[in-house]
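The block underneath contains the structure these notes are about, expressed in structure tokens.
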Amino acid sequence: VRAAPVPLFLAVLALAGCGGGGKALASKGTVGGTLPACAQAGAPAETPTALADLPLPQGSVLDKSRKDPLGNSVVEGFVPGDLGAVRDYFHEQLPVRGYDLGEGDAEDHEAETEFEGKGLAGKLKLHDIAGCDGVVTLAIAIKKGNQ
Amino acid sequence: LLLLVVVTAFVLPLAGSQAANPGNGTVSASNTSVTWTGAFSIATASGCKSASDASCDNFKLTIQPPPYAFQVQITLQPVGDWDLSVWGPNGGLAGSSGNGPNQLEVVTLTNPAAGTYTVAAAPFAPAIGPDGNSYNAAATIIPINAGTQPPPGTESISYSNYAAPNGLGADAGEPSIGASWKSGNVMFQAGLQALRVGFDDSLSPANSTWADKSFLTASVASLDPIGFMDQTTGRWFSSQLSGTTSLAATTDDDGGNWLPSEGGPLNGGVDHQTIGGGPYHAPLTGTVYPHAFYYCSQDLVAALCARSDTGGTTFTPAVPIYTDQCGGLHGHVKVAPDGTVYVPNRACGGKEGVAVSEDNGVTWTVRTVPGSTNGAWDPSVGIASDGTVYFGYDDGDGHPKVAVSHDHGRSWTNVRDVGVPYKIAASAFPATVAGDPNRAAFAFLGTPETSVGAMGDDPKWPGVWHLYVATTYDGGNTWTTVDATPADAVQKGTICGGGFGGCNNGTRNLLDFMDATVDKEGRVLVGYADGCVDACSAGGPNSFTALATIARQVNGKRLLAKFDVTGPPAAPNLSGKSLVGPPASNFLEWAAPDDHGSAITSYKVYRKTASTGYAVVATVPGGTTNYNDSQVAAGQTYTYKVSAVNGSGEGAASNEVSPVPPPPPADPCQEPGVRILSDATGDALDNNPAHDLQWVSVAEPRSIGAGKIEFLLKMASLSSVPADTTWPIIFKGADGADHFVRMRTDVTGAVSFGYGAGTSVSGSATAADPSSSYKADGTIRIVVARDAVGATPGGNLSDFLVRIRVESGTGSALTPDNAPDSLARTGSYTVKGNESCPVPQPDLAVTGADIGVSGLKGQGNDQVIVAVVHNLGTAAAANVQLRITVDGVQIGGLVTIGSIRAGGSGRGSVVWDTHGQNGSHAIVATADPNNAIAESNEGNNAGTRNVTVQGGKVG
């Protein structure tokens with residue numbers, strides 16, 4: 001898994017994910033703090049121990065945990081902050097914590113990246129919530145065999 | 001612990017050792033492949049930072065180019081996780097590949113320069129294989145089209161492009177398109193808008209009409225827009241991804257009525273949705289609805305598809321379509337006539353591939369295209385009526401290619417690079433569609449630019465992208481590729497491919513894909529987002545828009561053979577306008593119509609007047625699509641029509657046009673001033689003439705007062721002024737800041753005029769000059785002090801935009817009409833400063849034609865001489881004296897005309913006794929003979945008429 005993809009024509013390229021609204025994702029705003037009530041976060045769920053070392057902004061709540069049809073673990077929740085700033089947080093902190101970033105994408109309303117490191121491989125996805133500012137949904141999948 | 005350290009040091013080679021075995025090799029025409037292996041190395045969990053990164057395992061690859069076009073494909077099959085980087089002879093990074101554990105890494109170099117390259121393997125998380133090695137690698141020379149590809153086809157194919165008007169489809173990145181074979185209409189999913197497009201084929205190219213038919217719940221918010229047309233049933237599915245399902249609805253009458261859908265399966269994925277449908281695979285048949293719908297999406301790492309047996313209203317639980325055979329993204333699901341389901345994917349074990357289900361979506365198998373390598377964009381599948389699969393893809397070398405399968409993807413043939421005729425070096429957004437057996441079309445964006453960075457985020461990258469469509473009529477053996485946008489780029493600069501860091505330079509305006517469909521008469525239609533409109537189309541920089549646009553086939557054989565036409569050409573679509581000249585002329589223009597299978601040899605241009613019938617005024621060659629008629633008389637209106645001629649004869653005549661002479665040159669010192677924006681009449685979405693903008697102008701007449709400027713909007717009518725509405729003009733002042741002026745009505749209908757800073761036109765505003773007004777004919781005048789809106793004399797007002805705004809009472813608003821329609825702000829006005837406008841002056845004028853003579857009934861030989869005095873100036877003239885002389889002798893006294901307004905005329909008369917005056921005489925009428933009135937032109941005050949008197953009467 002390579003680090004930040006280099007947009008080279010001759011290379012095997014990092015591919016954008018599809019998504020509505022397009023264009024550049026501004027990196028202004030805050031990250032961390034208190035979740036707004038409109039997020040309607042539930043009680044923290046039990047999450048795989050493999051996630052313990054993943055960086056999470058202060059105030060984040062992971063309130064759902066499940067397996068996808070392939071048996072991959074998926075945890076979901078909320079991060080207080082604005083999408084661009086939360087994206088920047090993970091963009092900086094995942095490599096700092098030893099996770100290499102893979103293919104990814106960032107658009108107006110969503111951002112996602114694959115990551116790998118410390119024996120873990122998975123994908124992280126963020127998207128904002130229409131009508132609820134100051135919070136971003138977070139979903140993390142851990143590939144089967146890494147959990 | 002000591003033992004462990006010792007053992008580790010003994011077993012594991014030191015990081016950075018040159019462990020590739022052998023450490024170097026050469027590929028050339030005589031030795032087209034080299035292989036090597038790599039030993040286990042300490043995991044670094046990172047990539048190679050340079051060609052001399054000591055943590056990487058380097059192989060020195062010398063490339064001696066063969067005497068033909070070629071690629072060098074470098075592969076690395078890891079045990080565990082190794083990543084691959086290739087550095088060129090100059091030390092620059094030539095390519096890289098970073099897949100997950102045990103997945104093949106591939107780097108393809110196209111026509112690389114001679115020299116020694118460093119192939120660097122990064123031990124991300126390596127393991128040891130059964131043969132004792134940690135990876136096996138190879139470099140192979142692959143000829144490009146080395147005699148295997150036949151010449152391109154020569155079918156004459158052309159397209160006409162239709163942009164969404166009136167602000168519709170302005171945010172249309174990654175659009176979907178579908179043609180209904182029931183109604184003939186086309187549906188276009190442009191972001192949150194579901195647009196219905198109708199085409200009138202009485203002329204060629206056809207005229208289009210667009211309407212927003214969005215359903216409320218399917219047009220609110222989206223992470224992914226998608227649309228799908230089940231062509232034979234006419235059912236359209238509009239969907240906006242929202243979390244793990246979608247806000248979706250279906251319509252069977254092109255948006256007239258909608259049925260809400262549950263959106264997708266309860267266990268659907270959160271991203272990259274796609275919807276398709278078609279017949280069931282045997283033994284199933286439809287019960288509630290004749291066809292199966294499939295909803296596919298991704299649950300982060302799992303790709304899932306679910307079937308709907310209710311025409312898209314409800315869905316069964318989703319099932320995985322592959323595990324780790326393919327990468328994260330997939331293309332659009334398509335269903336074959338036999339019910340086989342295909343989901344294409346750009347990255348399946350280093351190749352392009354497709355997940356296939358032959359049991360109605362219960363189980364899936366991944367099948368790949370040999371010889372392909374991972375591309376940058378989702379591939380696309382088109383399926384002909386005989387089940388033949390046409391797989392269009394952006395290959396790893398950037399070239400647009402098609403492969404054909406007759407056995408559900410188990411084997412592939414006729415792999416063709418369809419970009420060869422245009423030397424396409426980079427492609428994007430493959431979209432494939434097929435029709436009758438052997439007929440298919442493959443659309444893509446392409447550029448011949450070869451420099452690195454096509455998918456990067458550099459708006460100044462030199463590539464220019466056009467829409468190309470390749471079509472085959474022989475099962476994919478030969479393809480005719482045409483530039484469907486030859487006069488207007490789709491994008492200038494890069495089409496950014498994304499990345500978690502984003503595309504902060506705005507080059508991701510087109511997003512991820514486009515779409516193609518075939519209409520019920522076999523025409524190919526491509527729905528795409530246009531990133532280059534307005535000033536960009538005229539040669540300016542890229543506009544980075546995403547305007548919904550359709551390229552529709554005009555010429556050439558169709559994908560449905562029964563609609564191939566042979567005969568005289570179709571009727572051209574004619575437009576015309578008057579040119580001031582000199583010399584004055586009428587300019588006619590048309591696009592080449594459908595030639596119906598035989599090249600157009602000429603066009604006949606017909607002309608008539610109100611008193612004459614049609615006659616051929618010119619015949620122009622087939623390659624010419626305009627005619628300038630300079631044989632016109634002033635004031636005469638001409639009507640024209642044009643017909644095309646081919647080997648089968650003369651085709652039907654075009655529509656008629658009667659060019660209207662253009663208005664005089666704009667003068668900022670006189671209303672309506674300088675026109676900045678124009679907009680079609682009758683295009684207000686709510687059909688309210690008070691919302692129907694026609695034009696915008698700026699004027700600075702002296703009459704509004706020194707230091708002021710006047711903005712005019714012309715609506716179709718303001719005979720009834722609606723309440724709670726804003727008529728704003730937004731522009732950038734000479735001070736570089738945004739300003740607006742507006743007319744507004746409150747909820748009671750009370751009218752006010754104002755101005756302000758910024759672009760929030762519905763907020764507070766400062767009252768405009770009290771002379772501001774509106775008229776029932778639709779003219780709005782907003783007068784403000786220049787310095788209130790950054791209008792410094794000599795400076796420019798620019799970037800104009802009008803969005804008529806109707807408040808809804810809930811904070812949001814409707815905008816029934818806009819100018820420009822694309823919403824891309826445009827236009828410029830140089831502030832004159834009305835102090836610099838000429839002082840209004842009259843201009844009294846008399847010519848010989850203004851002098852008349854007639855007998856005075858019952859008065860013997862008395863004749864009345866009448867002279868008309870015109871005021872051609874800009875101010876009224878009062879107490880205008882008129883002197884009339886015959887042969888230099890004044891007749892009667894001076895005549896005084898009380899007042900003549902600007903643009904008006906007055907008359908005066910005298911009685912001339914002609915007794916004994918038989919013979920020729922010169923009558924001269926002179927206005928203002930004593931030069932008492934200051935005029936802008938003092939040289940046209942007198943006119944002369946020569947007359948003959950016989951028997952006391954003027955002949």
Side-chain angles (χ1 to χ4, degrees), chain A residues 1-27 68-70 72 74 84 87 90-91 98 100-107 109-114 116-119 121-125 127 130-131 137 139-144, chain B residues 45-47 81 83 93-100 106-110 124 173-174 191 221-225 267 270-272 299-302 304 318-320 323 328-329 346 374 376 396 398 426 452-457 497-506 508-509 511-513 546:
Chain A
V1 177
R2 82 175 160 238
V6 180
L8 285 173
F9 172 61
L10 291 174
V12 176
L13 294 168
L15 180 69
C18 48
K23 309 189 182 76
L25 173 60
S27 58
D68 77 10
L70 290 176
N72 304 302
V74 178
R87 185 276 311 260
F90 285 108
H91 197 224
D100 212 22
L101 299 181
E103 294 185 354
D105 182 30
E107 297 178 1
H109 301 291
E110 62 180 346
E112 62 189 302
T113 185
E114 294 183 346
E116 183 177 356
K118 299 185 176 180
K123 188 172 182 180
L124 175 152
K125 183 176 178 66
H127 70 77
T137 67
I140 303 171
I142 306 167
K143 291 182 179 176
K144 191 177 181 181
Chain B
S46 67
D81 194 351
D83 292 338
L93 185 64
S96 64
S97 173
N99 294 320
V106 181
V107 170
T108 303
L109 309 179
T110 301
F124 194 89
E174 55 189 27
S222 183
L223 298 175
D224 265 348
N267 66 335
V270 297
D271 206 358
H272 309 139
D299 187 4
L300 290 176
V301 295
L304 312 167
V319 300
T323 52
L329 298 175
R346 69 179 184 88
N374 291 358
V452 169
M455 311 303 172
D457 188 26
F500 193 45
C503 300
N504 290 326
N505 290 322
R508 195 154 153 62
N509 51 312
L511 295 177
D512 288 325
F513 56 81

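Reminder, nothing fancy here: chain letters follow the sequence lines and each chain counts from 1.
What you find for Gly502(B) and Ala106(A) is that their closest heavy atoms are CA-CB, 3.6 Å. Among all heavy-atom pairs drawn from Leu300(B) and Val74(A), the shortest one is CD1-CG1, 4.0 Å. Here the shortest heavy-atom pairing between Asp224(B) and Glu110(A) reads OD1-OE2, 4.3 Å.
Atom CG of Asp81(B) and atom CG of Asp100(A) lie 9.0 Å apart (nearest 0.5 Å). Rounded to the nearest 0.5 Å, atoms CG (Asp299(B)) and NZ (Lys125(A)) are 11.0 Å apart.
Residues passing the side chain to side chain contact (heavy atoms under 4.5 Å, CB included) test with Ala318(B), sequence neighbours excluded: Pro265(B), Asn267(B), Leu304(B), Ala306(B).
For the pair Asp512(B) and Glu107(A), the minimum side-chain heavy-atom distance is below 4.5 Å.
Residue Pro320(B) forms a side chain to side chain contact (heavy atoms under 4.5 Å, CB included) with just one option from Asn72(A), Asp68(A), Leu70(A), and that option is Leu70(A).
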